[in-house]
Structure formats: C-alpha cells, structure tokens
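A note on names: the letters A, B, ... follow the listed sequences, proteins ahead of strands, and every chain is numbered from 1.
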Amino acid sequence: MQPFTRHTGKALPFDRVDVDTDQMVPKQFLKSQTKEGYGRILFYDWRYLPGEEPNPEFILNEPRYQGASILLTRRNFGCGSSREHAAWAVADYGFRAVIGPSFADIFFKNCAMNGILAITLPEDQVDELFRRAQATPGYQLDVDLPNQTIRDNEGLELKFEIDDFRKQALLKGLDEIGLTLEHDTEISSYERAHHPEPAQQSPVDFSYPVAS
Amino acid sequence: MPPRTLYDKIWDHHVVTEEPGKPCLLYIDRHYIHEGTSPQAFAGLKSAGRRVRRPDLTFAVMDHSVSTRNRDLPVLDADARGQFEALARNCRETGVRLFDMHSRNQGIVHIIGPELGLTQPGFTIVCGDSHTSTNGAFGSLAFGIGTSAVEHVLATQCLREYRSKPMRIEVTGKRQRGVTAKDVILAIIGKIGISAGVGHVLEYTGSVIRGLSMEGRMTVCNMSIEAGARAGMVAPDETTFAYMEGRPFVPRGKDFHVAVDFWKSLATDPGALYAKSVELDGDKIAPQVTWGTNPGMVTDVTGHVPSPDSFADPGARQAVGSALEYMDLKPGTAITDIPVDYVFIGSCTNSRIEDLRAASKIIAGKHVAPTVKLALAVPGSRVVKTQAESEGLDKIFRDAGFEWRDAGCSMCIGMNDDVLPSGMRCASTSNRNFEGRQGKGGRTHLVSPITAAAAAIAGHFVDVRQMGVELE
Ligand code: SF4
C-alpha cells in the first residue's frame with residue numbers, strides 16, 4: 001500500500017449528497033480481474049457522453065479542476081455497493097485524500113486499504129471548504145497526517161480525527177494481512193476452541209424441499 | 001455481566017484479540033465468495049505466497065454474470081467468462097467448495113447460504129457483497145466487505161473491525177393485508193433515511209417482524225445496507241429453528257437440539273441498551289413504491305411524486321430535483337398514474353419461493369398488459385426454481401406472459417444480458433434504484449413482488465389491495 005504522510009494538492013468540490021458506488025464504477029466495469037486502470041472510468045456515466053466524449057458540464061471535465069488530488073464530498077459519500085473498484089478508481093484517478101461530513105462504512109474502509117486518506121469533518125467546516133474551493137480557481141489544500149491538520153493558503157487551519165491504528169497503517173503503508181498474521185497463535189487457539197474440525201462438507205449436490 | 005444485545009453477544013463470542021485503540025480481530029465462521037469481487041483477492045493472496053486458511057469455511061458460487069437463459073451455451077462475454085474461469089481455477093487450487101453455474105444448488109449467494117443451512121444463528125458471515133446483510137435474518141452477524149477484506153479473510157479467517165453501535169428498529173402492531181416484508185423495509189428506509197444506519201447494526205424487533213416468515217425477514221435484513229447499516233439482524237426464534245431443521249449443513253438429531261439451545265440464548269437480554277431506537281406503527285404501513293434514485297425516495301402506492309420544494313434541506317432538494325429529472329417524473333403525479341415498460345421479479349431481496357407464490361396469485365388467469373415490453377421472473381436459486389416448477393408456478397408465469405428464467409442476479413444489476421434499456425421504466429423487486437443500476441438510463445421503481453405483478457397486469461402501478469385478489 002502506498003504510504004500517506006503529507007499531501008498538497010488541488011481540491012475538487014463534488015457537490016452532491018448520497019453519491020453511490022454504482023455511479024463511481026458502473027457495473028459494466030466490474031468484470032475485470034485487476035485493480036488497475038479504473039481512474040479513466042471513475043463516474044463514467046456522468047463523465048462521458050455517448051462515444052466517450054467528455055461531458056463538458058461534469059465537474060471532473062472542467063479545466064479549472066484538472067489535476068485535482070483532493071476530493072471534497074457531501075454526506076454519505078460512497079453508499080451502496082461494497083465494490084472496492086470505487087476506491088481503486090478514486091486512487092487511480094489521482095485522488096490521495098477524500099474529505100466530507102460522512103462516508104458509507106464499507107467505502108471508508110476500502111479507502112484505508114488503498115492508501116487513500118478519508119477524513120470526516122463537521123458539516124460546517126466542509127461547507128467552508130466547498131465555498132473556498134468554488135470561489136478560488138486552483139484552490140489548494142495541504143493535508144498533514146502526522147499533525148492531523150488541513151491548511152489552505154488563506155490562513156484556514158482545521159484539525160481532524162483519525163484512529164491511531166489507521167493512522168500508523170497509512171503512514172507506514174502497512175499490509176494489514178501481515179499484521180494479522182502476527183496473531184497466528186491467538187487465531188489458532190480460537191480455532192481449537194470453536195472450529196476444531198473441518199466444517200461438514202456435503203460431497204454431492206443435494207436436493208430437498210424448501211420451507212413452505 | 002450487564003444485559004447485552006444480540007449483536008453484542010455475537011461480537012463478544014468472536015473476538016480473537018482486543019487491544020485498546022485498535023480494531024478487534026474478529027473470527028469469521030462463514031465466508032461466501034462470488035465471481036465478481038474475488039479474483040483480485042485470490043491474485044493478491046497468490047502474489048504474497050499466502051494460502052487460504054480455512055477452505056472448509058469458505059463457499060463460492062457463480063451468480064452475478066451468469067446467463068438466465070441457456071447455461072449450456074458458451075459464455076460469449078469474454079470478461080465474464082474470464083471471471084468464471086478464474087473462480088473455478090481459484091477454488092480448485094485452494095480447495096474451496098464451488099457451486100458453479102451448472103450446479104443444482106447454484107443461485108444468488110445470499111439466497112443459497114440460508115437455503116443450504118450454511119447460514120446459522122450466532123455466526124459471523126461475510127462476503128464481498130453489500131447484501132450479505134440478508135443472512136442477519138437468522139440472528140447472525142453478516143455484512144459486506146471490500147475485496148481487500150476478502151483477501152484478508154481468505155488469508156486469516158479474521159477481520160479487523162471496530163464495534164458498531166446497535167440500533168433497534170421496532171415495528172409494532174399488525175401488518176395489513178397486501179403489505180409485504182418489502183413494504184415494511186421500504187417504509188423503514190423512507191422514515192429513517194439512507195444514511196441513518198451508518199456506523200450501526202440494525203436489530204429488527206416488534207410484532208410485525210416476529211410475524212414474518214424467514215423469507216420475509218431475509219427481505220427486511222437484505223435492505224439494511226440501503227439504510228446505511230452494514231448489517232441487520234432478527235433474533236432467532238421458533239420460526240428460525242423450524243426453517244433450519246433438516247437443511248444440508250445444519251446439525252442433525254441430538255446436535256440440532258444442542259444447537260437450538262445455544263441459538264435460544266442469543267436473543268437480546270431485557271434491559272440491554274441500544275445506541276438508538278426507532279419505532280414504526282405497522283398498522284399504518286401501506287404498499288410502497290419508490291419514485292427516485294435511492295431507496296429512501298419512496299412513498300405509499302396511494303401517494304404522489306413530491307416536489308423538491310417540499311424538502312427543507314438544500315442537499316435533499318437538489319438530490320430530489322435531479323432524481324425527478326432522471327426518472328422523468330413531475331411533482332404531484334399520482335403513483336398509480338406511472339406506467340411501466342418492464343417488470344422484474346427477482347434478486348436477493350425478493351426471489352424466494354414465497355415471493356414467487358405470492359406474485360403468481362396476482363397474475364393467475366390474467367395477462368401482462370400489451371404495453372409492457374418484457375416481464376421477467378427469475379428465481380433466486382435453482383432449488384427455488386425446481387420447487388416453483390413442482391408447484392406449477394412456472395406455468396402460471398408463462399401463461400400470463402412472463403419469461404421464466406434460470407437463477408442469478410439478472411436485471412437487478414444487469415451484468416449479464418438482462419439489461420434495462422435506456423429510458424425504460426421498470427417495476428422491480430430488487431433493492432437499488434440508483435441511476436443506471438439496471439442499465440444505463442434505465443428507470444427503476446422498487447416494489448414488492450405482488451405490487452410488481454399487479455403493475456405487470458395493469459401496465460401501470462396499482463394498489464394491489466384494489467385488484468380483487470385475495471391477499472395475505
Ligand atoms: S441480486 Fe442484486 S443485490 Fe443481490 S447480490 Fe445479486 S446483484 Fe447484488
């Protein structure tokens with residue numbers, strides 16, 4: 001996982017509540033077997049007109065937001081499907097941090113697993129970031145994970161919360177599976193107590209009545 | 001020990017390690033996988049030189065992209081074929097049991113887990129799919145995970161999770177005639193909104209929930225994720241035990257009774273605390289129809305499409321405005337004046353035998369309206385399909401002008417060729433009415449199986465209670 005320490009970049013204010021992951025990566029792109037290349041299709045149906053012509057009215061296509069690497073969102077961002085493709089697309093597009101008042105649980109976790117720093121801030125602070133990003137072309141934010149701060153060039157400074165486990169994992173780019181495997185002894189002793197035998201395996205297909 | 005909720009009991013029972021300031025390591029009893037969200041997880045595992053820790057607790061099925069027509073024909077979609085082949089190869093190499101597209105037990109992952117008795121009360125169950133919440137109907141803790149977490153479970157049989165907050169949804173009174181489990185859950189989401197459940201696990205209680213069959217409880221728990229909760233659950237009771245008994249993976253004889261005794265101990269203790277509680281009057285719930293582009297945008301079938309101006313919150317006003325534009329609906333339109341072009345009866349929400357029986361009663365002896373371009377009936381599993389056919393339901397559907405298909409996700413997500421064309425309006429028994437969910441530009445209205453069946457016959461939404469059919 002790519003570590004995250006400190007990042008300065010252009011902010012893109014995505015002004016829509018309850019954005020679901022079906023919009024971020026529509027189903028026709030769920031049949032791939034890799035994690036790469038999803039940036040091009042992020043928000044596909046909104047972003048492109050027929051023939052993959054960029055839709056000039058869609059924010060990702062606006063010249064002033066080209067090269068943005070910090071995504072500002074409204075409440076309940078990433079709701080719906082668990083597809084991690086949404087987080088892969090956000091990362092592959094070039095976003096390193098996502099800032100909003102609330103995120104859907106699975107999307108929030110998927111961000112953390114992919115080196116994206118998802119930050120939850122009170123609604124009024126997010127409103128202020130939206131106002132500034134909309135008012136100032138090229139509006140930049142500096143996100144500092146060790147100090148848990150967000151700053152702009154106009155003197156704004158906001159503190160954010162993050163739990164220490166996630167923070168360390170992001171800072172060091174840690175592999176969560178490796179960390180868990182360090183607990184092999186505990187896992188094995190749980191298994192001895194609760195799942196000592198291989199689970200019952202029915203060898204063939206079976207047929208039986210369904211409940212009435 | 002202080003009184004605990006159902007959720008707390010299952011959580012406590014599965015904690016492997018707990019250190020302050022860190023997420024718990026939680027043991028997973030059942031890991032379900034499907035072709036769509038697992039290839040990258042197996043690839044990651046392989047490249048790190050890791051093995052599947054407990055293939056015996058892992059079960060795989062092909063469901064999302066399978067054809068619902070003829071499964072003996074070659075799969076033409078190269079990407080879908082690639083995923084099927086990858087799943088078969090991964091399962092073969094790691095010893096994971098696979099119900100492939102030719103298995104008699106194939107079906108939508110959330111349908112076959114319970115049907116096979118793999119899902120049991122008190123279990124922790126995960127799957128790379130958000131509707132894993134369906135399994136919570138049995139009093140298990142079941143939730144969807146991303147692909148990295150799938151890899152984590154494959155490698156460790158554990159997950160790193162923070163405790164969620166238990167939230168009680170109590171539905172009191174009595175469900176009225178013509179009101180189904182689907183209407184109950186849509187009414188709940190309509191009331192609490194699509195983000196109320198974030199950070200919470202819902203426990204459904206009250207006389208209306210107790211009165212539901214296991215099929216109905218699965219419908220309710222299925223849509224917990226649409227309220228923002230990762231999981232929803234119902235405490236196991238006699239209805240649960242009766243459903244479990246005799247299923248292939250459920251303990252038998254004396255072991256079954258030992259299991260039942262344990263399952264009985266799971267119910268929330270009197271006086272246990274919930275982080276939040278919401279109460280709904282079950283007597284007042286009517287058949288529901290969604291009019292917008294998320295499941296919270298819903299109203300009674302007797303209601304009207306709202307105006308964006310009637311919402312105080314600016315975010316909601318904007319969302320409703322763009323939803324109505326996408327759905328091509330005008331404020332004030334009566335729900336029953338909305339015509340339908342397509343009807344889809346299927347998905348992990350509503351494709352169990354009870355759903356098909358109920359819908360078949362509405363259409364028996366009638367015919368789909370000539371303006372309806374396609375009406376699909378897609379059983380959730382091949383076991384459901386076989387059962388339905390043994391009861392003659394396939395004939396009722398066919399005679400009424402429905403297409404009777406093989407089991408899979410089908411038009412719920414349109415990853416196979418069952419796609420809702422752009423501009424078409426569909427009465428669907430699935431769970432998501434997001435833009436483009438059933439097909440780019442397609443317009444989805446979420447309803448119960450009987451409301452979908454009634455719309456198929458009438459060619460527009462109707463109050464199923466006015467159809468002159470005897471209803472439960
Ligand atoms: S039926 Fe629909 S919601 Fe259910 S698992 Fe399949 S795609 Fe997901």
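Heavy atoms closer than 4.5 Å to chain B are found nowhere in A/Thr185, neither backbone nor side chain. The parts of B/Ala80 that come within reach of chain A are both its backbone and its side chain, each placing non-hydrogen atoms under 4.5 angstrom from that chain. Neither the backbone nor the side chain of A/Arg74 has a heavy atom closer than 4.5 Å to any heavy atom of chain B. Within the 4.5 angstrom heavy-atom criterion, no atom of B/Ser213 approaches chain A. Looking at B/Glu19, only its side chain comes within 4.5 Å of chain A, counting heavy atoms on both sides. For B/Arg50, the part lying near chain A is the side chain, with the backbone staying farther off; criterion is any non-hydrogen pair under 4.5 Å. If you measure heavy-atom distances from B/Tyr162 to chain A, the contacts under 4.5 Å come from the side chain alone. With a 4.5 Å cut-off on non-hydrogen atoms, B/Asp77 touches chain A through its side chain but not through its backbone. In this structure, the portions of B/Thr156 lying under 4.5 Å from any heavy atom of chain A include both its backbone and its side chain. Contact of B/Arg437 with chain A is made through backbone and side chain together, with heavy-atom distances under 4.5 Å. Of the atoms belonging to B/Arg352, not a single heavy atom falls under 4.5 Å from chain A. For A/Asp45, the parts sitting under 4.5 Å from any heavy atom of chain B are the backbone and the side chain alike. At a 4.5 Å heavy-atom cutoff, the contact between B/Thr147 and chain A is made by backbone and side-chain atoms alike. Contact annotation for B/Ile413: both backbone and side-chain heavy atoms come within less than 4.5 Å of a heavy atom of chain A. Both the backbone and the side chain of A/Asp184 have a heavy atom closer than 4.5 Å to some heavy atom of chain B. Only the side chain of B/Gln318 comes within less than 4.5 Å of a heavy atom of chain A; its backbone N, CA, C and O stay farther away. In this structure, chain A has no heavy atom under 4.5 Å from any part of B/His64. Neither the backbone nor the side chain of B/Val150 comes within contact range of chain A; no heavy atom of the residue lies under 4.5 Å from a heavy atom of that chain. For A/Thr34, the part lying under 4.5 angstrom from a heavy atom of chain B is the backbone only. Only the side chain of A/Lys109 comes within contact range of chain B, with heavy atoms under 4.5 Å apart.
At least one cation-pi condition fails for A/Arg192 and A/Tyr190: the charged atom is not both under 6.0 angstrom from the six-membered ring centre and inside a 45 degree cone around its axis.
Classified by interplanar angle (parallel below 30°, tilted 30° to 60°, perpendicular above 60°), the ring pair A/Trp46/A/Phe43 is parallel. A parallel orientation is assigned to the rings of B/Phe59 and B/Phe99, their planes being inclined by less than 30° (bins at 30° and 60°).
Checked against the 6.0 Å centroid criterion, the rings of B/Tyr27 and A/His195 qualify as a close aromatic pair.
Residues of residues 49-56 of chain A never come closer than 4.5 Å to chain B when only heavy atoms are counted. When the heavy atoms of residues 159-170 of chain A are compared with those of chain B, the residues falling under 4.5 Å are A/Asp163, A/Phe165, listed by number. Proximity to chain B among residues 93-106 of chain A is limited to A/Phe103, A/Asp105, A/Ile106, judged by heavy-atom separations below 4.5 angstrom. Scanning residues 19-27 of chain A against chain B with a 4.5 Å heavy-atom cutoff picks out A/Asp20, A/Asp22, A/Gln23, A/Lys27, ordered by number.
Between the side chains of B/Ser130 and B/Arg432, at least one donor-acceptor pair of N or O atoms lies under 3.5 Å.
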Should B/Gln438 and B/Thr444 be marked as a side chain to side chain donor-acceptor pair (under 3.5 Å) after you check the CA-CA gap, both sets of side-chain angles, and the distance that decides it? CA-CA 7 Å; B/Gln438 297 189 281; B/Thr444 303; 2.7 Å; yes

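Counting heavy-atom pairs under 4.5 Å between each of B/Ile194, B/Asp129, B/Thr293, B/Leu159 and chain A puts B/Ile194 at the top.
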